[in-house]
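What follows is a single structure, written as structure tokens, with notes after it.
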Amino acid sequence: MFKKGNLYFPTEKFRKSALANDKKIYQEAAKDPIKFWEKLAQQLFWFEKWEKAFVHKPPYFQWFQGGKINITSNIFEKNTLGFNKIKNKTALIWEPEPTNEKPRILTYDELFKEVNKFANALKKLGVKKGDRVGIYLPMIPEVMISMLACARIGAVHVVVFSAFSPSALRIRLQDTGAKILITTDGYYRRDKVINLKQNADDGVKGTKVKKVVVVKRAGNKIPWQKDRNLWYHELIKKQSDQCDPEVMDSEDLLFVLYTSGSTGTPKGTTHACGGYTVQAYWTGKWIFDLHKDSILWCTSDPGWVTGHTYTVYSPLLNGVTTLMFEGAPNWPTPDRWAQIIEKHKATIFYTAPTAIRMFEKLGTDLVRKHKFETLRLLGSVGEPIDEAAWKWYFKEVGKERCPLVDTWWQTETGGILITSLPGIGPFKPGFTGLPFPGVKVQIKQENLLILPPFAPGLLRGIYKNPKKYLETYWSQYGKKVYFTSDAAYKDKNGLIRIVGRVDDVIKVAGHRLTTGELEAAINLHPDITECAVIGIPDKIKGEVPVAFVVLKGKKPELKVKEELLALVRKQIGPIAKPKEIYIVKELPKTRSGKIMRRILRKLFTGKELGDLSTLANPESVEAIRKIIKK
Ligand code: WTA
């Protein structure tokens, strides 16, 4: 890239070879976004073409109405590159955490067969089109195979992040009514074996799950219920490696993925087959500039939306190689991630600002030992990337050569909606850039909004909760405007900078949580009268939660704190653990009794507290300040 003023642009060489390199696509798309998306959709394989491209009945909308499609057909037998051309090409490189284990490589043909075998196995277990299937797997190849097997037969996958607790798993299984769960015996994390089967057993209690399919990964000892448990490897042994794709309506559900809700109950965002396929395919192609020989390493776990779209679906739809790593990026050495890039010759590296800041902290010298000669593009996602991290990433990893795409999107949007394109630019540190062609955004009172026709991959609803869908996304600016809950502004070049969430969502190491769900977990403790959780800035993780609690009873404070940490872990998972728990006499409240979390936050950011006279108990603020100082 080269710099002009405070903007960066791709070099002429990069621009020339880029798949999207003509500014005109923006004008063409803006003129008629529906027609534009239709043109893109036409390049994929449809069993039957749609009748109407976009149908809007606010707050609902449909894309490619009447069209028939299967996402796995577009990955395999009908891949746009031609299946014969990609058959023997590597689809997946899987790098295990233990360094003495060999990577597992699957070609497109091998992956296809694995998917078909498991799809047939699921059918044998009675899974039918429209049934929900729970997937509680770590980053092992079977997470991808399971997702694709579901999609093959039209079952709706519900992936639950493997580091979520049994209770978090249970809520999701109950909400979707899944009857099958796929999990594993255990997996490696920093040399330790995590017994996931035990968690899965706890999680399925009180759900409709009848069968638990267990992938053998770590070989650890696990509880086994003969009537309900099945080994994955035994199940697929006798299955045929051919399975016809289910013909799906464009608007049929492809998956449900949960995201934190304000009140503690997570929201199941629903995604439709046709629109999601189109958006996953094209955003990946243009934003990561996916050429035939690309090797994309998206570090996100498929338990999150980034993993759904850019570890699994988008690279495979584009017929390129996707890289998946089982472990932690800094294990067993701080530069494991860098070694993996070099070992597997990754050409695109897509990760979160938290990881970037951690890499920097662990040592720039260590990073400088690596030349990253194969890298041609970098990506960032999940939280705002500060200018310093942007520049470090660009210089030390991208060697000032690779374009850096800062991609803005959400679980709800299914795919990236805002980022400048690498072959066009411009880029500016701290700014996510321009909306993807065909996406209309508006910023009103600093709120980031998306206007019709939205984008084909945007959520179609919240599973079984139309009221929440309407309230959360379509009530602030009317039923025709999608409210993102992000604050943003534009610079004079039209580049967008994301400021952060305007609701109670916090991003802990890029993982989405709400202060509401943490408070709900803490309030379960019998000694808590009330509590408030806020996110405070953190140098590495972006944000971390801290909790303020008011106690009743006489239990020693230290003991309560320990129990609260254990409780949060049990209810949500280790990622939600508060950095600090402050025991206070009272929380600052308005006269109407509303807890003023905003004021608590300001105690950490050093911002002016402002007028406290509206509070019912202004003196509480000073008392809390003293406790924090201690
Ligand atoms: C935030 C992750 C700044 C934003 C794909 C959004 C970002 C929320 C960026 C969604 C970015 C995501 N710059 N902020 N490039 N990307 N966000 O559902 O607040 O886990 O609303 O989806 O992450 O988080 P989610």
Side-chain angles (χ1 to χ4, degrees), residues 159 161 164 255-262 266-271 276 279-280 283-284 287 298-314 350-357 378-387 389-390 393 404-420 427-436 441 443 446-450 455 457-459 462 472-473 482-490 495-515 517 535 537 541-543 575-576:
V159 185
F161 182 44
F164 275 153
F255 65 87
V256 178
L257 182 62
Y258 282 81
T259 186
S260 313
S262 321
K267 307 184 293 238
T269 66
T270 62
H271 291 274
Y276 178 82
Q279 200 177 318
T283 52
I287 295 165
C298 164
T299 61
S300 173
D301 189 303
W304 303 96
V305 76
T306 307
H308 272 62
T309 308
Y310 299 104
T311 305
V312 180
Y313 285 114
S314 183
Y350 186 37
T351 195
T354 297
I356 298 163
R357 291 187 293 258
L378 300 176
S380 172
V381 62
E383 39 174 328
I385 178 166
D386 50 287
E387 239 182 280
W390 194 101
Y393 191 32
L404 195 178
V405 290
D406 174 14
T407 63
W408 178 90
W409 58 300
Q410 309 177 302
T411 305
E412 290 86 345
T413 68
I416 299 164
L417 289 194
I418 308 178
T419 185
S420 294
F427 301 94
K428 185 170 165 183
F431 285 73
T432 162
L434 301 171
F436 192 79
V441 311
I443 296 172
E446 272 225 337
N447 287 324
L448 179 67
L449 312 172
I450 306 187
L458 190 65
L459 85 164
I462 290 178
T472 315
Y473 310 110
Y482 174 83
F483 177 57
T484 64
S485 294
D486 271 311
Y489 62 85
K490 261 187 206 171
L495 301 180
I496 294 168
R497 181 178 190 125
I498 307 291
V499 179
R501 299 283 302 199
V502 297
D503 57 3
D504 61 353
V505 167
I506 54 174
K507 279 310 205 70
V508 182
H511 298 146
R512 183 162 163 184
L513 298 168
T514 60
T515 55
E517 67 182 323
K541 293 185 172 176
E543 268 184 310
I575 51 164

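Whatever order the structure lists them in is the order used to number ligands and atoms, beginning at 1.
Under a cutoff of 6.0 Å and an axis angle of 45°, Arg497 and Tyr489 do not form a cation-pi pair.
Under the rule for a salt bridge (charged side-chain N to carboxylate O under 4.0 Å, His left out), the partners of Lys428 that lie at least two apart in sequence or sit in another chain are Asp491.
Protein residues having a heavy atom under 4.0 Å from any atom of ligand 1 are Val305, Thr306, Val381, Gly382, Glu383, Pro384, Asp406, Thr407, Trp408, Trp409, Gln410, Thr411, Asp486, Ile498, Arg501, Lys507, Arg512, listed by chain and number.
In this structure, His308 has its ring center at least 6.0 angstrom away from the ring center of Tyr313. Checked against a 6.0 Å centroid threshold, the rings of Tyr482 and Tyr473 count as neighbours.
When all heavy atoms are compared, the tightest approach of Gln279 to Ile416 is NE2-O, 3.7 Å.
Looking only at distances, a side-chain donor or acceptor of Ser300 sits under 3.5 Å from a matching main-chain atom of Gly307.
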